Amino acid sequence: MDSYDYIIVGAGTAGCLLANRLSAQGRVLLLEAGGRDDYLWVHIPMGYLYCIGNPRTDWGFRTRAEPGLGGRSIGYPRGRVLGGCSSINGMLYLRGQAADYDGWAQMGCTGWGWEDVLPLFKRHEDYFAGADDAHGAGGEWRVEEQRLRWAVLDDFARACAAEGIPQVEDFNTGDNQGVSYFKVNQRRGWRWNAVKGFLRPVHGRDALKVITGAQAQEVIVEEGRAAGVRYRKDGAVRQARAAAEVILCAGAIGTPQLLQLSGIGPGALLQQMGIAVRRDAPVGDNLQDHLQIRCAWKVHGTKTLNTMANSLFGKVRIGLEYALTRSGPMSMAPSQLGDFARSAPHVATPDLEYHVQPLSLDAFGEPLHDFDAVTASVCPLRPESRGHVRITSPDPAAHPEIAPNYLSTEGDRRVAASAIRLTRRIMAAAPMAPYRPEEFRPGPEAQSDAALAEAAGRIGTTIFHPVGTARMGADPDSVLDPQLRVRGVAGLRVADASVMPTITSGNTNSPTLMIAEKAAELIAGRR
């Protein structure tokens, strides 16, 4: 049995940063269920198309049948590879809004307000334009501008301006209202994942041991304290002990699953599974996610990726452009243009986020349509709906039940209807007129609030932002305290997206890095 100061479960976005920070002060074991990030498509930006749904890089989770989505079960991608979701995600650098973090502080999570977390974002940032009041430079997390533009997206931005949404340069100052091209986690046209940022620089550090292909089975708890982790590697169950702490960084799905397998979770569920209850706690509840409503229009008089990539000549041209210049469609993030807007005049800060793409397809992994089109995915940013993650078996290899409960409240259905109406107004604005846009998703026949909410469920899917399933809080019912410590079990901490009490108003990868940075600071202070 090996012994370390710290054991980190999950070498994803948060785990890589924590391994970097903690191995500077003690011996660290980093466990990752997936393999190394040596798959070419991890590093080519458009390679996410070949990583999502691929068992080499993705857990392959699915939701239960969702009533709000018309009874559909949808794929729920989560990274199963070194770097975790930072190796398969959309590479968009977004922090959310200052109000998100100030809201956490007002809930009793002292030390998590915007002024508290902004220095943490800046600490590991390497912003292309250099350091300023909002950004850091010289850190491990590279942020660059995208390497291509599209005329139809430029005109979509002008159409947003015609609807009163200002054109801006930066979504990451605390106020993200406006329309702009997203900044991305890339370096010179290659994906920049957490492995490149945080693991490779300390690869030779004697205090750090990384084991891939190691799936955690349970946290070993002795006399009320986390003493280590039991994991499976090469068909054999092994154990490792932690002298200081065990830190779970397995994500909003993996962390609650492991806690429940370890006897920390809803008592009735654990008893049903034959697992001894160490602490009866709402682990796995409070699941929040952003539903993307994939509205799409046919366009005319312009080239989009649909027709560019649907010919042999087009494919060769795209490949050569990337090979020679590291630009063009193969350098694209899944979404290029962003737009943060309000669903109604009374909303204090933007509660909608657009991911606008010069392409259309039925679903990720499906072929592009054979006509030119634009997809304007719109996400309600502050869903009222709450779901859950629950183990379905005491077998750690069994996938848990994932139930996001999309569109389960009247408020969420109302915002979804408003989002589609706003999208229609943008597409009908004068700057889009030359393209003669024709709505085909959801289709112009949906007009009433009820019809639009039903349509949102019919075309909606996850945009891969699950959070909140091991929430921190000042109240005794929270899974974690504001120092990210699991209540009732000493020496056990969580540092990933599952800790968020409420979802941030934007993409969640960079906030997850901030959470890991905060955890490293808290652990260092304790030591």
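The structure presented is a predicted model; accordingly, all values stated were derived computationally and were not measured.
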Any donor-acceptor N or O pair under 3.5 Å, side chains [X], [Y]:
| X | Y | value |
| --- | --- | --- |
| Glu140 | His124 | no |
| Ser385 | Ser408 | yes |
| Asp496 | Thr512 | no |
| Asp37 | Ser87 | no |
| Arg342 | Gln177 | yes |
| Tyr76 | Asp289 | yes |
| Thr63 | Tyr406 | no |
| Thr392 | Glu401 | no |

Donor-acceptor contact below 3.5 Å, side chain [X] vs main chain [Y]:
| X | Y | value |
| --- | --- | --- |
| Gln288 | Asn286 | yes |
| Asn54 | Cys51 | no |
| Asp412 | Pro383 | no |
| Asp5 | Arg27 | yes |

Is [X] salt-bridged to [Y], cutoff N-O under 4.0 Å?
| X | Y | value |
| --- | --- | --- |
| Arg142 | Asp126 | yes |
| Glu517 | Arg21 | yes |
| Arg241 | Glu222 | yes |

Inset, instruction - Give, for atom CG of Asn509 and atom CZ of Arg95, the distance between the pair rounded to the nearest 0.5 Å. - result: 13.5 Å
Inset, instruction - Working to the nearest 0.5 Å, report the span between CG of Leu18 and CD1 of Ile8. - result: 5.0 Å
Legend entry - Check: His355 ring centroid to Phe182 ring centroid under 6.0 Å: yes
Side-chain donor-acceptor contacts of residues 262-270 below 3.5 Å, not counting sequence neighbours, with atom names and distances?
| unit_1 | atom_1 | unit_2 | atom_2 | d |
| --- | --- | --- | --- | --- |
| Ser262 | OG | Val219 | N | 2.8 |
| Ser262 | OG | Leu258 | O | 2.7 |

Inset, instruction - State, to 0.1 Å, how close Gly506 and Leu381 come at their nearest heavy-atom pair, and which atoms those are. - result: N-CD2, 3.6 Å
Inset, instruction - Work out which heavy atom in Leu480 is nearest to a heavy atom in Arg487; give both atom names and the distance. - result: O-NE, 3.7 Å
Inset, instruction - Could I get the full list of salt bridge (Lys or Arg N to Asp or Glu O under 4.0 Å) partners for Arg205, not counting sequence neighbours? - result: none
Legend entry - Contacts of Asp475 that satisfy salt bridge (Lys or Arg N to Asp or Glu O under 4.0 Å) - sequence neighbours left out: Arg471
Legend entry - Arg72 atom CZ: more than 12 heavy-atom contacts under 6.0 Å: yes
Inset, instruction - Among Arg414, Arg421, Arg413, find the one that has a salt bridge (Lys or Arg N to Asp or Glu O under 4.0 Å) with Asp449. - result: Arg421
Inset, instruction - Walk me through it: do Ile523 and Ile247 pass the test side-chain contact (heavy atoms from CB on, under 4.5 Å)? - result: CA-CA 10 Å; Ile523 294 167; Ile247 305 110; 4.0 Å; yes
Legend entry - Within 45° cone of Trp59 ring axis and under 6.0 Å: Arg80 NZ or CZ: yes
Legend entry - Any Trp104 side-chain heavy atom under 4.5 Å of Thr504 side chain: yes
